[in-house]
J.: 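If you scroll down you'll find the structure; I have some questions about it.
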Amino acid sequence: MVDEAAVKRAQEHFGKLLRKQMERIERMNASKEKVDLSKLDKIIIGVCGGDGIGPYICDSARTVMEHLLADRIKSGNIEIRTIDGLTIERRAEVMKAIPDDTLEELKKCHLILKGPTTTPKKGDPWPNIESANVAMRKELDLFANVRPVKVPELGIDWIFFRENTEGSYALGSDGIDVNDDLAIDFCVATSEGTERIIRMGFEHAVRNNINYVSLVTKANVVKTTDGKFLSTAERVAKEFPNVKWDDWFIDIMTAKLIDPYRRGDFRVMVLPNLYGDILTDEAAQIQGGVGTAGSANLGTRYSMFEAIHGSAPRMVTEGRAQYADPSSMIKAVAMMLSHMGETEKAKRLEMALDICCQFEKKKVMTGRPNGATGDEFAQYVMDTIARPDLEKTWKNYVDSAVAASKAK
Ligand code: IPM
Ligand code: MG
């Protein structure tokens, strides 16, 4: 016997979700508010530590950021604000992914540097509230999650454009337990939502003379939403006749990223939210681990920059938080600088990070007292940035790594 009452409850729930998504589409179409950072008298950067190791690594990254932006901070052209309240304790207390007052403060900023935040799942001691990352991406409409991964000695120079507000994440906390035996989740794709991320990928390819874009879906199985992603790509690609593009399924793309004969071909990858989440962890691992990658969450009004790894609460309970590796957060600072148009500073920071993390490794992060602290590492990075021979040193290291890898 079908439990008609359960079906009715689920239908009503579904109806509400549809209405909310339709309202979101209206908001997307209506809001064309664009902020040009170069035209602002003052840029406000909010620093939001998060929880677990977040506040520790965020502090180290903030030191580097303040060092590099010292002139503009002094002249009042940049203001850095501390934004509290994104801890799991506070979120659990108010039972919200982002407490209202914190969200209000975030909305007064232009750019946000955010530490990792604990994301509860079913069965955890915390209430199963929505992820703060996911909520922030939705609230601030940060539709593009941009994650570069580079390993010159393996011929890898990838940049991922992960859709950041739709897909399986849009209603990730709004699935339906229809009854004890049936659970249903939803996946969302909209015309505007898919178009803007795909267009961003193509525009990046054109601007950087890459002219090759790969779309990644599972449109052979997830026919409706991934199907829409792909058909939107077909439409948008027509506007970029000089850009070669192709489409891949996520399973084979996951394999191809570790295929030494193929992976060097890929340059720009555009993909729905969940596949982007998974594939970018794999890519980061190839680069040296999730701790080596940064992530830019871009919208037209706000942008948020973060590490791609989690909050490692165990390091805090074991008293090791000061030894947590801040390099992913510092990478996020580099991405923020580049987004602000501080290209030269961003480049120097990136080169210094490469030297400190991959080549010279004079301060090694082990996550334990036998390694460096995050603050010591930040100082090492700042000292490296100051080296007059930075660019030459970096180039030499990269060239010899490429040569060594070819000789193998
Ligand atoms: C990421 C993270 C988040 C995500 C988690 C913490 C919700 O894995 O930024 O990739 O799934 O997007
Ligand atoms: Mg992830």
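Note that ligands are numbered from 1 as they come in the structure, with each ligand's atoms numbered from 1 the same way.
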J.: Could you list all the salt bridge (charged side-chain N to carboxylate O under 4.0 Å, His left out) pairs where at least one residue sits in residues 275-284, not counting sequence neighbours?
T.: Arg162-Asp277
J.: Evaluate Arg137 for polar contact with ligand 1, using N/O atom pairs at a separation under 3.5 Å.
T.: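 Looking only at distances, the answer is yes, because the N/O contact criterion of under 3.5 Å is met.
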J.: Considering heavy atoms of the protein only, find what lies nearest to atom 8 (O) of ligand 1 and give residue, atom and distance to 0.1 Å.
T.: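 The answer is Asp277 OD1, 3.2 Å.
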J.: Show the atoms of ligand 1 that are less than 4.0 angstrom away from any heavy atom in Tyr169.
T.: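 Under 4.0 Å from Tyr169, ligand 1 has these atoms: 4 (C), 11 (O), 12 (O).
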J.: Mind checking whether Phe266 and Trp248 have ring centres under 6.0 Å apart?
T.: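 Yes - the distance between ring centres of Phe266 and Trp248 falls below the 6.0 Å cut-off.
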J.: Quick one: does Val268's side chain get under 4.5 Å of Ser214's, heavy atoms only?
T.: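 No - every pair of side-chain heavy atoms lies 4.5 Å or more apart.
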J.: Is the shortest N/O to N/O distance between Arg147 and ligand 1 below 3.5 Å?
T.: yes
J.: Using a strict 4.0 Å threshold on nitrogen-to-oxygen distance, state whether Arg348 and Glu391 make a salt bridge.
T.: no
J.: Answer with yes or no after comparing the ring centroid distance for His110 and Tyr302 against a 6.0 Å cut-off, counting only values under it.
T.: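 Judged by ring-centre distance (under 6.0 Å), His110 and Tyr302 do not meet the cut-off.
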J.: Quick one: does Arg162 get a heavy atom under 4.0 Å from ligand 1?
T.: yes
J.: Which heavy atom of the protein is the closest neighbour of atom 6 (C) of ligand 1, given with residue, atom name and distance?
T.: Thr119 OG1, 3.6 Å
J.: Any idea which N/O/S atom from Asp277 gets closest to the Mg ion (ligand 2)?
T.: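 Of all N, O or S atoms in Asp277, the Mg ion (ligand 2) lies closest to OD1.
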J.: Where is the nearest protein heavy atom to atom 3 (C) of ligand 1: which residue, which atom, and how far?
T.: Asn133 ND2, 4.1 Å
J.: Taking side chain as C-beta onward, heavy atoms only, is Lys362 less than 4.5 Å from Tyr380?
T.: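 Yes, their side chains come closer than 4.5 Å.
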J.: For atom 7 (C) of ligand 1, which protein heavy atom lies nearest, and how many Å away is it?
T.: Ser131 OG, 3.5 Å
J.: Examine Tyr56 together with Tyr323 and report whether their ring centres are nearer than 6.0 Å.
T.: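 So the answer is no for these two rings.
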